Amino acid sequence: MNSQRPSILVVNGPNLNLLGLREPGIYGHDTLADAEKLARDTAEAAGFDLDFFQSNWEGAIVDRLHEARGVANGIIVNPAGFTSTSITLLDTLLAVSLPVVEVHVSNIHRREQFRHFSYVSTMADAVIAGCGIAGYRYAVDYLVARTSS
Ligand code: DHK
């Protein structure tokens, strides 16, 4: 990463490594690599660096978010299955203290009731759901505009 440029960290939670393969009727056929390319191209066009991370392990996600503290300009997080369960992830995002955009590929509000509540949404600056992988691009646009204004 070029430290002269502003940067965005994108963090993806469990099972998103299987995007494009898992439940395509819900999540579509685009892969996480497609989402990464979309986010990276959008960031680079705006002069931003972008780090893209996925883990199925909560602790690995916590560690990666800690590394962004005081370094990145904003965070995009798809908490996946940790959305409705992880006070740890909420506490981590609060501790890291950066602008946060929460992204869900699917519209969680049109799905089962247990997916509707999000700990992350209680602190996120913006929430994007149901736009497919385009949500990652919109999230980058938001953070670029916010950082540049
Ligand atoms: C991804 C998941 O894995 C689910 O646990 C969430 C989210 C929805 C998504 O739409 O990207 O409920």
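Indexing begins at 1, ligand by ligand and atom by atom, following the structure's order. Because the structure is predicted, anything quoted here is derived from the model rather than measured.
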Inset, instruction - Between Asn78 and ligand 1, find which residue part has any heavy-atom pair under 4.0 Å and reply side chain, backbone, both or neither. - result: side chain

Inset, instruction - Name the closest protein heavy atom to atom 9 (C) of ligand 1, giving the residue it belongs to and the distance to 0.1 Å. - result: Val105 N, 3.3 Å

Legend entry - More than 12 heavy atoms from other groups under 6.0 Å of CZ on Arg111: yes

Inset, instruction - Under 4.0 Å from a heavy atom of Arg115: give me the atoms of ligand 1 that qualify, with their elements. - result: 4 (C), 5 (O), 6 (C), 12 (O)

Legend entry - Whether Gln54 side chain and Gly13 backbone form a donor-acceptor pair below 3.5 Å: yes

Legend entry - Proximity of Arg22 to ligand 1 by residue part, where a heavy atom lies under 4.0 Å: side chain

Legend entry - Residue-ligand contact Phe82/ligand 1, heavy atom below 4.0 Å: no

Inset, instruction - Determine whether more than 12 heavy atoms belonging to other residues, nucleotides or ligands lie under 6.0 Å from atom CZ of Arg110. - result: no

Legend entry - Asn15 touching ligand 1 at heavy-atom level, < 4.0 angstrom: no

Inset, instruction - Would you check whether Leu16 has a nitrogen or oxygen atom less than 3.5 angstrom from a nitrogen or oxygen atom of ligand 1? - result: no

Legend entry - Side chains of Val77 and Val101 in contact at under 4.5 Å (non-hydrogen atoms): no

Inset, instruction - Please work out which of Ser118, Ala35, Ser106 has its closest non-hydrogen atom nearest to atom 10 (O) of ligand 1. - result: Ser106

Inset, instruction - Would you mind telling me if ligand 1 is within reach of the side chain of Ile26, the backbone, both or neither, using heavy atoms under 4.0 Å? - result: neither

Inset, instruction - Considering only NZ, NE, NH1 and NH2 on the basic side and carboxylate oxygens on the acidic side, decide whether Arg146 and Asp125 come within less than 4.0 Å. - result: yes

Legend entry - Steps toward salt bridge (charged side-chain N to carboxylate O under 4.0 Å, His left out) verdict (Asp41, Arg137): CA-CA 9 Å; Asp41 288 352; Arg137 178 173 67 208; over 6 Å; no

Inset, instruction - Output yes when the distance from some N or O of ligand 1 to some N or O of Val103 is under 3.5 Å, and no in every other case. - result: no

Legend entry - Between Glu58 and Asn56: side-chain donor-acceptor atoms closer than 3.5 Å: no

